[in-house]
Number of protein chains: 2
Amino acid sequence: MLTIGNGAVPLYMQIKELLTAKISRKEWSPGSIIPSELQLAQELGVSQGTVRKAITGLVENNVLTRKQGRGTFVSNHDPDRTLFHFFHITDNRGHKVIPDSRVLRCRRKQASRMEASTLQLAAKTNVIRIERVRKFLATPTMLETITLPESRFSSLGKGGNYDLPNTLYELYEKQYGITIHSADEKLRAVSATKQDATLLNLEVGTPLLEIERVALTLDKTPVELRISRCSTKNHYYQNTCF
Amino acid sequence: MLTIGNGAVPLYMQIKELLTAKISRKEWSPGSIIPSELQLAQELGVSQGTVRKAITGLVENNVLTRKQGRGTFVSNHDPDRTLFHFFHITDNRGHKVIPDSRVLRCRRKQASRMEASTLQLAAKTNVIRIERVRKFLATPTMLETITLPESRFSSLGKGGNYDLPNTLYELYEKQYGITIHSADEKLRAVSATKQDATLLNLEVGTPLLEIERVALTLDKTPVELRISRCSTKNHYYQNTCF
DNA sequence: TCGCTACAGTCTTGTATAAGACTTAAAATA
DNA sequence: TATTTTAAGTCTTATACAAGACTGTAGCGA
């Protein structure tokens, strides 16, 4: 029986919140199947159609994934989802491909004021800072600085283990139980520094596209700050609005 | 009675196409009310729920707008929609405000190869090319070059009438019957030219965010090419993905 | 006898219908 | 002007069938 605390909120929205809470609390893990509509309807004491409406809303937000004939699953990360939802850099022919990565550095430091503020950490909290260069067809095109709260990613990069995959969100999910649900991005144009120029094989002062991303979990906790600096000689950032 | 030509396509999808066609053909004009769910259900010989599912899909795509107690309307352009859906430049405090505009030039020219290709025009077709500077709080921040097919916007800018509003999509809709439904954008970092520098009060070579936008009607016809070059000293381009 | 294929049954999501109650907004009436 | 009525979307429930996926069983061939 559904514990209805607020009659002013429609049932299907309450069920959405309930299902979201189960996922946030790790009661249902990414990739796992949730009970069927009929089962949930019985457990919650509502009609199947009402459960369906709630699930439809979560499917539209990519929290759940439906497979006809099989069931409904908690969405998880795989390369296709990353490419489709979280990667915007497109080559000049309109193709999206995940670039290769090479870690330059992986250190534990005290968070800068900006990092602490962005990741909602107390001042001087330790963070893990990863710097890597990303290549398309062996051409270095992007530099990334990734900042993670050490407390959430304690083992990452320990023991000189720099063998990080090209896409990190699947790693966060499987190794640390942290599932990225959304990301906010701010794009600016900046000038290539000496370091940029050296690593990306271009001239100091070349305009670069800087993407400042904050990746959030389902309950809106910021868990990753990622600053990318990207050459737009052969690539662009693509977006559609309507 | 709905003319069902293809039994393999669900009814609600067929109704979506039918409603979309009515809008594209201007049978229903922007801002106007469409028949109620119940009425459409009767006319088409299906259940109200099926009509509702079709309409819900179009509402999610911003083609239609529902108002409880009043009815369902063909979406149109107003400043709020432009700001929310089509404008991404945000100041460093996170606020979005539509900038003021001043037209520098408005000319009729033969389309360049890029313009013709992008707007799907025959070579050497005439276009209207508008150049304007946009200011936030009296500070010039963006330069825009807007290219429009002359055949669709024949009277625009004629007679030295440069008094264009800050947001153009409402004008396109009301004066020319052209409703922008979506836009594809490509973002790059470029260097300020001498002209950029003069008009935006910055140094030659300053990195600028270039946004190349193609605005499309509901039936995916490209009707506007807009290239913006924006200083990101006090602003950034904002995007959310999930 | 073992392995492979085909088919039936079951389960789950996807589509469609139908109806009633509720909420919101505008028009009509007192 | 205030209240009532009307119109239309919103929410909820119930039911039925289609389509897809999975499992188990039977039959056939090597």
Side-chain angles (χ1 to χ4, degrees), chain A residues 1-20 22-23 28 31-76, chain B residues 1-20 22-23 28 31-76 78 80:
Chain A
M1 186 59 71
L2 181 69
T3 57
I4 303 177
N6 192 346
V9 179
L11 289 180
Y12 78 95
M13 302 220 60
Q14 293 183 49
I15 296 170
K16 271 177 75 175
E17 301 299 332
L18 187 89
L19 300 185
T20 301
K22 281 179 186 284
I23 297 164
W28 292 333
S32 65
I33 194 165
I34 73 167
S36 70
E37 297 173 350
L38 207 53
Q39 205 172 342
L40 283 170
Q42 281 163 2
E43 285 170 14
L44 299 174
V46 298
S47 81
Q48 184 186 354
T50 302
V51 170
R52 173 167 295 178
K53 184 155 181 157
I55 291 177
T56 296
L58 293 178
V59 166
E60 282 165 2
N61 286 337
N62 291 321
V63 177
L64 297 174
T65 304
R66 272 175 167 146
K67 297 182 203 279
Q68 181 176 348
R70 293 187 58 193
T72 301
F73 299 80
V74 178
S75 299
N76 63 349
Chain B
M1 183 59 74
L2 182 67
T3 57
I4 303 177
N6 191 347
V9 179
L11 288 180
Y12 77 94
M13 301 218 63
Q14 293 183 46
I15 296 170
K16 270 179 78 175
E17 302 299 334
L18 188 88
L19 299 185
T20 300
K22 281 178 185 285
I23 296 164
W28 293 333
S32 65
I33 194 165
I34 72 168
S36 72
E37 296 174 353
L38 207 52
Q39 206 173 340
L40 284 170
Q42 282 163 3
E43 286 169 14
L44 301 174
V46 298
S47 82
Q48 186 185 352
T50 303
V51 171
R52 169 165 302 164
K53 184 153 181 159
I55 290 178
T56 295
L58 293 178
V59 166
E60 281 166 359
N61 287 337
N62 292 319
V63 177
L64 297 174
T65 304
R66 272 175 166 147
K67 298 188 204 278
Q68 183 174 346
R70 294 187 57 193
T72 301
F73 299 80
V74 179
S75 299
N76 64 347
D78 60 49
D80 286 342

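Please read all numbers here as calculations on a predicted model, not as lab measurements. To find a chain, count down the sequence lines: A is the first, B the second, and so on, and within it residues start at 1.
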Between CG of Leu38(A) and P of dT13(D) the distance, given in whole Å, is 14 Å
Taken in chain and number order and not counting sequence neighbours, the residues that satisfy side-chain hydrogen bond (donor to acceptor under 3.5 Å, both in side chains) with Thr50(A) are Ser47(A)
Separation of dT13(D) atom P from Glu37(A) atom CD, nearest Å, is 14 Å
Tyr12(A) atom OH is separated from dC11(D) atom P, nearest whole Å, by 4 Å
Ile15(A) atom CD1 is separated from dC11(D) atom P, nearest whole Å, by 13 Å
Distance col, row Lys16(A):NZ vs Leu11(A):CG, nearest 0.5 angstrom, shows 14.0 Å
Quick note, salt bridge (Lys or Arg N to Asp or Glu O under 4.0 Å) partners involving residues 64-73 of chain A, not counting sequence neighbours, are Glu37(A)-Arg66(A)
Open item on the list: Using modelled atom types and a 3.5 Å cut-off, is there a donor and acceptor pairing between side-chain atoms of Asp78(B) and backbone atoms of Asp80(B)?
Closed with: yes
DNA chain D nearest-nucleotide lookup for Gln39(B) and Met13(A): closer to the 5′ end is Gln39(B)
* **Any Lys53(A) side-chain heavy atom under 4.5 Å of Thr56(A) side chain** => no
Lys16(A) NZ to dT12(D) C1', in whole Å, measures 17 Å
So, with a heavy-atom separation below 4.0 Å from DNA chain C, the residues of residues 47-62 of chain A are Gln48(A), Arg52(A)
query = Can you check whether Leu18(A) reaches Leu44(A) side chain to side chain, under 4.5 Å on heavy atoms?
reply = yes
When the rotation axes relating C1' atoms of four end pairs to the next four are compared across the helix from dT1(C)-dA30(D) to dA30(C)-dT1(D), five pairs an end, they differ to 10° by 0°
Paired with Thr20(A), the side chain to side chain contact (heavy atoms under 4.5 Å, CB included) test is passed by just one of Asn61(A), Ile15(A), Leu58(A), Leu64(A), namely Leu58(A)
Output one line per pair: protein atom, nucleotide atom from nucleotides 19-21 of chain D, and distance, for all N/O pairs under 3.5 Å.
{"residue": "dA19(D)", "atom": "N3", "partner": "Gln68(A)", "partner atom": "NE2", "Å": "2.9"}
{"residue": "dG20(D)", "atom": "O4'", "partner": "Gln68(A)", "partner atom": "NE2", "Å": "3.4"}
{"residue": "dG20(D)", "atom": "N2", "partner": "Gly69(A)", "partner atom": "O", "Å": "3.0"}

Q. Does Ser32(A) reach the main-chain N or O of Trp28(A) with its side chain, forming a donor-acceptor pair under 3.5 Å?
A. no
Under a 4.0 Å heavy-atom criterion, DNA chain C is touched by chain B from dT15(C) to dA26(C)
Here the pair of heavy atoms bringing Asn62(B) nearest to Ser75(B) is O-OG, 3.0 Å
Q: May I ask you to test the Leu40(A)-Ile55(A) pair for a side-chain heavy-atom distance under 4.5 Å?
A: yes
